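Here is the structure we will look at, set down as structure tokens.
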Amino acid sequence: MDTDGVSPTAAISRWKFALSQQYQHLLDKATPHVGRRWLGFVVVALMYALRVYFVQGFYIVSYGLGIYILNLLIGFLSPQVDPEILDSEGPTLPTTTSDEFRPFVRRLPEFKFWYSITKAFCIAFVMTFFGAFDVPVFWPILLFYWVVLFTLTMRRQLSHMIKYKYVPFSFGKQRYDGKRAPTESSTSLSED
């Protein structure tokens, strides 16, 4: 026991808890800054790409990273509730213009997509410092296989989007500007 009456394991667990709180606080503060977060991701991805380029290795790590990114991208582009497996009573995406507007809700939200992809690149970057992960492979075959996999997966995703008529992107929020459109009754009263 320490002289303070606190065991070393309790002190370490308290330190880990404080560190995780600070880390979560930084993540919470970064949430509204979408552009800056993605700019930081681009910097991390460029660092990884330069590291792989200069080392001339770790292609299997890059391939695994590419498969993981493809998996994240599918979650980012997919609706939270798949219309194919819904029963008739459940909520569905609007299929006609007369249907009620329902915003697109992703299976993987933008922040979690950014966080997961950034964390994956950081882990892959750290892996490039360990020779055990530098498995010798003929990288053009891996690249070709990944491009084929990406093409087939995106074709399936696009056909799903077309079939169920949803677009996973919204360009800006719809906002209320405070002005009312003139109604027929108010314009006819002002003319009298």
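Keep in mind that what you see is a predicted model, and the values were worked out from it rather than measured.
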Look at the side chain of [X] and the backbone N and O of [Y], then say whether any donor-acceptor pair between them is shorter than 3.5 Å.
X    : Y    : result
T153 : F150 : no
D134 : F58  : yes
T118 : Y115 : no
R37  : A30  : yes
R106 : F76  : yes

Kindly compute the distance separating [atom1] ([X]) from [atom2] ([Y]), expressed to the nearest 0.5 Å.
X    : Y    : atom1 : atom2 : answer
Y63  : L149 : OH    : CG    : 6.0 Å
L65  : L70  : CG    : CG    : 11.5 Å
L108 : I117 : CG    : CD1   : 10.0 Å
Q157 : M161 : CD    : CE    : 6.5 Å
M127 : I60  : CE    : CD1   : 10.0 Å
D28  : Q21  : CG    : CD    : 11.0 Å

Next item on the list: Step through the shown structure and confirm whether more than 12 heavy atoms of other residues, nucleotides or ligands are within 6.0 Å of CZ on F111.
Entry: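 Count over threshold, so yes.
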
Transitively linked via ILVMFWY side-chain contacts under 4.5 Å: [X] with [Y]?
X    : Y    : value
V61  : F144 : no
L77  : I162 : no
I123 : Y23  : yes
V55  : L46  : yes
I69  : L50  : no

Item checked: Residue pair I74 / M154, side-chain heavy-atom distance below 4.5 Å ->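 When only atoms from C-beta onward are counted, M154 and I74 do touch, with a gap below 4.5 Å.
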
Next item on the list: Evaluate the side-chain proximity of V137 to I141: yes if any heavy-atom separation is below 4.5 Å, no if none is.
Entry: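 Not in contact.
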
Notebook entry, point to check: Hey, mind stepping through S116 and Y68 against side-chain contact (heavy atoms from CB on, under 4.5 Å) and telling me if it holds?
Noted result: CA-CA 9 Å; S116 297; Y68 183 69; 3.8 Å; yes

Notebook entry, point to check: Do the numbers put R51 on top of the ring of F129, so that NZ or CZ is under 6.0 Å from the six-membered ring centre and no more than 45° off the axis?
Noted result: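 Output yes; distance and angle both within limits.
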
Note to self: Please verify the inter-ring angle class for F133 with F130; under 30° counts as parallel, over 60° as perpendicular, anything in between as tilted.
What the structure shows: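 Ring orientation of F133 relative to F130: perpendicular.
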
Note to self: Determine whether the aromatic ring centres of residues F125 and Y48 are separated by less than 6.0 angstrom.
What the structure shows: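 So the answer is no for these two rings.
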
Next item on the list: Decide if the gap between the ring center of W38 and the ring center of F113 is smaller than 6.0 angstrom.
Entry: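 When the ring centroids of W38 and F113 are compared, they turn out to be within the sub-6.0 Å range.
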
Next item on the list: Search all heavy atoms of V44 against all heavy atoms of C122 and return the closest pair with its distance.
Entry: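 Closest pair (atom of V44, atom of C122, distance): CG1-SG, 3.9 Å.
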
